[in-house]
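To start, the structure itself, in structure tokens.
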4 protein chains.
Amino acid sequence: MRRIPKQKRSKQRVAAILDAAEALFAVEGYEQTTTNAIAARADVPIASLYQYFENKEGVAQALIDRYVARMVDLHEQTFAVDVTALPLDTLLDQMIDPFVRFHLESPAFGHLMLGADLSNELAEATARMDEAVIAQINGLITAQRPDIAPERALHMARLAKAVVKALFALVEQHPDQAEVLVAETKRMFRAYLES
Amino acid sequence: MRRIPKQKRSKQRVAAILDAAEALFAVEGYEQTTTNAIAARADVPIASLYQYFENKEGVAQALIDRYVARMVDLHEQTFAVDVTALPLDTLLDQMIDPFVRFHLESPAFGHLMLGADLSNELAEATARMDEAVIAQINGLITAQRPDIAPERALHMARLAKAVVKALFALVEQHPDQAEVLVAETKRMFRAYLES
Amino acid sequence: MRRIPKQKRSKQRVAAILDAAEALFAVEGYEQTTTNAIAARADVPIASLYQYFENKEGVAQALIDRYVARMVDLHEQTFAVDVTALPLDTLLDQMIDPFVRFHLESPAFGHLMLGADLSNELAEATARMDEAVIAQINGLITAQRPDIAPERALHMARLAKAVVKALFALVEQHPDQAEVLVAETKRMFRAYLES
Amino acid sequence: MRRIPKQKRSKQRVAAILDAAEALFAVEGYEQTTTNAIAARADVPIASLYQYFENKEGVAQALIDRYVARMVDLHEQTFAVDVTALPLDTLLDQMIDPFVRFHLESPAFGHLMLGADLSNELAEATARMDEAVIAQINGLITAQRPDIAPERALHMARLAKAVVKALFALVEQHPDQAEVLVAETKRMFRAYLES
DNA sequence: CATGAATGAGGCTTCATTCAT
DNA sequence: CATGAATGAAGCCTCATTCAT
């Protein structure tokens, strides 16, 4: 971000811009959304947008930052207790439910994390986050099933993350069947981990 | 298509355009790819591209048609034998392997089928294909596990399809670990279906 | 015209092209009509069109020629008798009616003669034709009213021709009221010439 | 219009664009005039033109609006006095002279109002204006000649309007003989109305 | 000769971004 | 600082016309 908003009014403006961007990215996609459209929807002159953001990607970046912060919160809450001690059922609930909820509440998340053709820098940041998540899942798997070889556990973690992503997409497509689909995914994971 | 190529020369050109489009859609995505870039890569004047294709979406459409034709072939081969009689392991091999191979050989397939914001008509075609695939998976699940309620089987099929899609993305991202990831996915499905 | 059609089939083709052009010029206008559209409507390959006509204007030219030929016929018929001897009423009938009829039967005539931005050469041809018509009208006025100064008669002739053109446009706009409007115009001319 | 100019600078630009468009529409016609040519003639980047106008038709529309405003002024001035009380000679002077002057000062007026193939919306606006003018003429005729049947008066009004239009075209073609031609037209109308 | 194929030039329009008041 | 205005670069697409089989 180009200039950090200090006064209350500026903060509101920046928030308005991000909200507008979120809504537009969600329904139109990143490439299809124009900076002018964002500014118009936020009811802010385009020049003001560029006072706070370097460029279009900067807006996406800030939006991602907002998402990441919430994600970090979620992680901290999730791992506040000793998850390794939990029974598998409860563990799966705790690992999956909050993230599904988060996904449903963050309309542009999917588009930005998956669809958008962002710059290298951003892509790398995303990749780092991905790896962190995978490491965490990996730890959980190892804790649950110490008998599994570390290498294999890593592949399992990768697959698990990919499946959860797929679940997100599925839930977005059929929001009314969210619960059943989530339940089914948990069953699948459970069978997988107990096999 | 605007004009059907009759002479050999023009057939080659159309193929060259489609190949160029495939390569570009694969690395840049649909929206980011310009018709000029396609024409340039195919070493064809832009006006020639428009002799054969209505517009950019027409090119994508033709590419999809090419994919769909190959897909149909695959399906027919896969279901030439009575798959319901196969043991689960073999069944999973036969259902997943050819499609993974197909996916690896069709660079733009994922982008076009998932990412692109194509027109309604195209989106509907894709949706129809999706439903057909899900129905087929549904049939297999029911054959393997007649005890599962039809409703649940449908959800399982949906999930399975989503997971395979996720697997494709994963394999694309880590092509060197394709085999292990595929194997892991099969294990997961196996555990799931036997649970 | 580039090549004069000698065989029957070629003649039919040329006629088909001209018919197509006439229809399209009439409803779309000259500029808006594309050579490809003409060829398509005539069910003739575009390259064939260019075997018979130099370019788009060449088609218009040929169409105009066809019109001019019919016009000349009309003129000859009209002036076959000694019109100067006719009573004014009959004269007006004979001067106006056939041309209104001609106009109604020649859909593209108005567009080509008035609207189209044709080349100098063509415009000059049109202008020459105009002058010939004006001279003829001039003659009639002088015959009817020898007392009018030649200079003024020329202006009257010019005006008369313009009014008839306006009448054409009017009739095209309200074809159902053609007769009344024509009658009204004749009345006006009559009053004018008798004043 | 896409954006309403507020600062002086932008108002001048918009005026420059309209002036350029007027000049080009007048000599080339609407279809033949390109937005690039307008922008170039106004010495304005093409993107700036599109800041203020939706598209080419938007430019024409704005130009027409400018004309219509002047026309309305003219009408109001013309009908400020009780025209029905005037002697026919004076009436004709007042009805025709200002409009001929207006026409001579508005180079693109004829092209836009008559020749251009504008969209339905615009065409309807033109048609409505036409009808208003005809109604007004109709009223004058009825005032002058209460003995004429209302139906016939309407036809006379239509014809009169068409003739005036024809006069405009004529005057544009022979600007040096404008006065004589106008005088002749008045004579014709006078004879017509007194017959 | 007939015609399927080819194309340079150019038209309309948008967009991310910067300038200047 | 806020913002109305400005714009280079580029994208999509068409068309009159010619080439080459």
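Naming convention: chains lettered A, B, ... in sequence-line order (proteins, then strands); numbering from 1 in each chain.
- Side-chain N or O atoms of T34(C) include one that pairs as donor or acceptor with a backbone N or O of A37(C) at under 3.5 Å.
- The side chain of R9(B) contributes no N or O atom lying less than 4.0 Å from OP1 or OP2 of dC19(F).
- Phosphate contact (OP1/OP2 of dA16(F), side-chain N/O of T35(C), threshold under 4.0 Å): present.
- At the heavy-atom level, T33(A) lies under 4.0 Å from the strands shown only through sugar-phosphate atoms.
- Atom P of nucleotide dC19(E) and atom CG of L49(A) are separated by 17 Å, given to the nearest angstrom.
- Side-chain contact between Q32(C) and E31(D): present, with at least one pair of heavy atoms (C-beta onward) separated by less than 4.5 Å.
- Residue R13(D) places no side-chain N or O under 4.0 Å from the OP1 or OP2 atom of dA5(F).
- Atom pair Y50(C):OH and dA20(F):C1' shows a separation of 18 Å (rounding to whole Å applied).
- In this structure, A47(A) and K56(B) both approach DNA chain F, and ranking their closest nucleotides by distance from the 5' end singles out A47(A).
- Contact annotation: R2(B) does not reach the phosphate of dG4(E) (side-chain N/O to OP1 or OP2, under 4.0 Å).
- Following rounding to the nearest Å, Y30(A) (OH) and dC15(E) (P) show an atom-to-atom distance of 14 Å.
- Within the nucleic acid shown, T34(B) comes within 4.0 Å of sugar-phosphate atoms alone, with no base atom in reach, counting heavy atoms only.
- The side chain of Q51(C) lies closest to dT3(E), out of dT3(E), dA16(F), dC12(E).
- No N or O donor and acceptor, one from the side chain of Q7(D) and one from the base of dT21(E), sit under 3.5 Å apart.
- The nucleotide whose nearest atom lies closest to any side-chain atom of N55(A) is, among dT3(F), dT18(F), dT17(E), dT17(E).
- Looking at N36(B), its side chain has no donor and acceptor atom pair within 3.5 Å of the base of dA10(F).
- In this structure, E31(B) places its CD atom 13 Å from P of dA16(E), rounding to the nearest Å.
- Out of dT7(E), dT3(F), dC12(E), the shortest distance to the side chain of S48(A) is found at dT3(F).
- The partner of dC1(F) cannot be assigned: no Watson-Crick or G-U wobble pair with both contacts below 3.5 Å exists in any strand.
- Of all nucleotides listed (dT7(E), dT13(E), dC13(F)), dC13(F) comes nearest to the side chain of I46(B).
- A 4.5 Å side-chain heavy-atom check between Y52(A) and S10(A) finds at least one atom pair inside the cut-off.
- Among the nucleotides dA6(F), dC12(F), dT17(E), the one closest to the side chain of Y52(D) is dA6(F).
- Of all heavy-atom pairs between I17(D) and V44(D), the closest is CD1-CG1, 4.3 Å.
- The shortest non-hydrogen separation linking F109(A) to H103(A) is CD2-ND1, 3.6 Å.
- Here the shortest heavy-atom pairing between A26(D) and H111(D) reads O-CD2, 3.2 Å.
- I4(B) comes within contact range of the sugar-phosphate backbone alone, with a heavy-atom separation under 4.0 Å but no base atom that close.
- Atom pair K11(C):NZ and dC1(E):P shows a separation of 16 Å (rounding to whole Å applied).
- Here R3(B) lies in heavy-atom contact (under 4.0 Å) with a base.
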